[in-house]
Amino acid sequence: RACAAEVHVTVKKRGTEAVPEIEAALKKDAGLYEVKYVEGLTRALMGELGTAEAAFGAAIAKDDKRGEAFLGLGRALEAAGREADAVKAYRRAVAVDGDDPDALYELARLLPPADEARALLEKATKGRPSFGPAWARLAEIHVAARRGADALTAAEAAVKLDAKQADWHAVLAEARVLAKKWDDALLAVKAALALAPYHGRARLAEGDALAGKGDIDQAIQSYQAAYGALRTDPTPLVRAAIACLAAGNRETSAKGFADRATREFPKWAPAWEVAGDVAVLRGERAEAIAAYEKALTGEGPVETRAIKAKLDTIRPAPSTPPSTPPARPK
């Protein structure tokens, strides 16, 4: 009966049909781990988080060396918006079963895209080579770290497993941009847009690829389309400004994108850094200094040392005060 209930809730997604099976199973054995676990899954599916937590807790109390209940609890907490608590539950799932690809993936998915998440996903894909979502997330982490070859391997593995995921084609495009395979990146963008015509990340990768090919006019259009789809993300505006600067003949466009980025995202450090770069190009030293200083105190990924070096090159050298001659004795 517990197994029948699990089929209803995990395959058919019908919690109401699972409830009679759970109730019958509980009459047979009220403390059976499998029953309390599937009761947690069912109540979570039905939006009854409190009851779900209690059921998962009962399963864990019965056997805290099994990972299923920790994993189910984590998913329920995450669905309720309690990500910090979900991470704790996923960590417990990994602690008791460190070879479970699902637990490894769920934990890595909520962690920052850094070494810990990468190691978890590498273990997950090694344990289950057909785990497409884990390959895709691993590719995203490699892209964030600018490891082009690794990103390309992971993204290609994901798309090979499932070619109908627009997000996976987009991360493949990003990986190919890192590898400077501009035309191949555009092919991946085309595949993503065929599945999701307004995919922001795909449009952003398209802009990067076109800029890499030297087609700045088309790149600008792609960056604008990317920002239209990603209205809360300043990255398309910043990338557009950087691409315009690199083109060498789009100073006005670069300033327009930088101004918009700093205006709409006043705390975003990368926006202020590119605004400083634009000001330097325009010979506006005071504005450049102010922009770089804001970049140093802002939010987001920037190279602090590089910004300080830029400041050092444009700040006026400190003047040496004139020496004062000794006073004559009275």
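What you are looking at is a predicted structure, and each value in this text was computed from that prediction instead of being measured. Position 1 is the first residue of the sequence, and the numbers go up from there.
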List the steps, then state whether side chain to side chain contact (heavy atoms under 4.5 Å, CB included) holds for V19 with R43.
CA-CA 9 Å; V19 170; R43 297 304 175 183; 4.2 Å; yes
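- Proximity of a side-chain donor or acceptor of W135 to a complementary backbone N or O of P129 within less than 3.5 Å is detected.
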Dump the intermediate steps for side chain to side chain donor-acceptor pair (under 3.5 Å) on Y227 and E264, then the final yes or no.
CA-CA 12 Å; Y227 184 59; E264 299 190 16; 2.3 Å; yes
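- Scored by the side-chain hydrogen bond (donor to acceptor under 3.5 Å, both in side chains) test, D184 finds no partners at all (sequence neighbours excluded).
- Going from atom CD of E122 over to atom CG of D150 covers 7.5 Å, rounded to the nearest 0.5 Å.
- In this view, A5 and A18, E21, I22, V38 satisfy the side-chain contact (heavy atoms from CB on, under 4.5 Å) rule, not counting sequence neighbours.
- Taking hydrophobic clusters as Ile, Leu, Val, Met, Phe, Trp and Tyr residues chained together by side-chain heavy-atom distances below 4.5 Å, L104 does not share a cluster with F70.
- Atom-to-atom distance recorded for D312:CG and I307:CD1 is 12.0 Å, nearest 0.5 angstrom.
- Checked against H169 for a side-chain contact (heavy atoms from CB on, under 4.5 Å), the options L193, L187, V159, V189 give a single hit: V159.
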Could you walk me through whether R282 and E284 pass the salt bridge (Lys or Arg N to Asp or Glu O under 4.0 Å) check?
CA-CA 5 Å; R282 294 166 61 87; E284 300 166 349; 3.1 Å; yes
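- For the residue pair Y223 and A211, the shortest heavy atom distance occurs at OH-CB, 4.0 Å.
- Ring to ring, Y105 and F131 are close: their centroids are under 6.0 angstrom apart.
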Quick one: do V280 and E287 satisfy side chain to side chain contact (heavy atoms under 4.5 Å, CB included)? Show the steps, please.
CA-CA 8 Å; V280 168; E287 289 80 356; over 6 Å; no
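- Considering all non-hydrogen atoms of both residues, A155 and L172 come closest at CB-CA, 3.6 Å.
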For D97 and K65, run salt bridge (Lys or Arg N to Asp or Glu O under 4.0 Å): C-alpha distance rounded to whole Å, both residues' side-chain angles, the deciding distance at 0.1 Å, then the answer.
CA-CA 8 Å; D97 189 357; K65 302 301 181 184; over 6 Å; no
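- Atom CG of L245 sits about 8.5 Å away from atom CD of E251, to the nearest 0.5 Å.
- In this structure, the separation between CG on L73 and CD on E78 is 11.5 Å, given to the nearest 0.5 Å.
- When atom types are taken as modelled, the side chain of K123 and the backbone of G98 share a donor-acceptor pair closer than 3.5 angstrom.
- L161 and V171 fall into different hydrophobic clusters, where Ile, Leu, Val, Met, Phe, Trp and Tyr are joined by side-chain heavy atoms under 4.5 Å apart, directly or via other members.
- With sequence neighbours left out, the side-chain hydrogen bond (donor to acceptor under 3.5 Å, both in side chains) criterion links E116 to R91.
- Residues V35 and A25 come closest through the heavy atom pair CG2-CB, 3.6 Å.
- Applying the side-chain contact (heavy atoms from CB on, under 4.5 Å) criterion to I242, with sequence neighbours excluded, gives V238, V274.
- For E23 and R1, the salt-bridge test fails: no basic side-chain N is under 4.0 Å from an acidic carboxylate O.
- Using a 4.0 Å cut-off between a side-chain N of Lys or Arg and a carboxylate O of Asp or Glu, D183 and R176 do not qualify as a salt bridge.
- Sorted by first then second residue, the salt bridge (charged side-chain N to carboxylate O under 4.0 Å, His left out) pairs that include residues 200-211, not counting sequence neighbours, are E140-R201, E174-R201, R203-E206, D208-R239.
- Heavy-atom minimum distance, A76 versus L49: O-CD1, 3.9 Å.
- W272 and V302 fall into different hydrophobic clusters, where Ile, Leu, Val, Met, Phe, Trp and Tyr are joined by side-chain heavy atoms under 4.5 Å apart, directly or via other members.
- Nearest heavy-atom pair, D64 versus V96, reported as atom, atom and distance to 0.1 Å: O-CG1, 3.3 Å.
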Worked check of salt bridge (Lys or Arg N to Asp or Glu O under 4.0 Å) between R315 and E293:
CA-CA 11 Å; R315 273 183 174 145; E293 288 177 343; 2.7 Å; yes
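- The distance from atom CD1 of I141 to atom CG of D115, rounded to the nearest 0.5 Å, is 9.5 Å.
- Using a cutoff of 4.0 Å between basic side-chain nitrogens and carboxylate oxygens, D259 and K255 are scored as salt-bridged.
- The pair E53-R82 meets the salt-bridge criterion, since a charged nitrogen lies less than 4.0 angstrom from a carboxylate oxygen.
- Of all heavy-atom pairs spanning A288 and I314, the tightest one is CB-CD1, 3.7 Å.
- Residues passing the side-chain contact (heavy atoms from CB on, under 4.5 Å) test with T16 are M46, sequence neighbours excluded.
- At most 12 heavy atoms of other shown residues, nucleotides or ligands fall within 6.0 angstrom of atom CZ in R305.
- Distance CH2/W168 to CD/E156: 14.5 Å, rounded to 0.5 Å.
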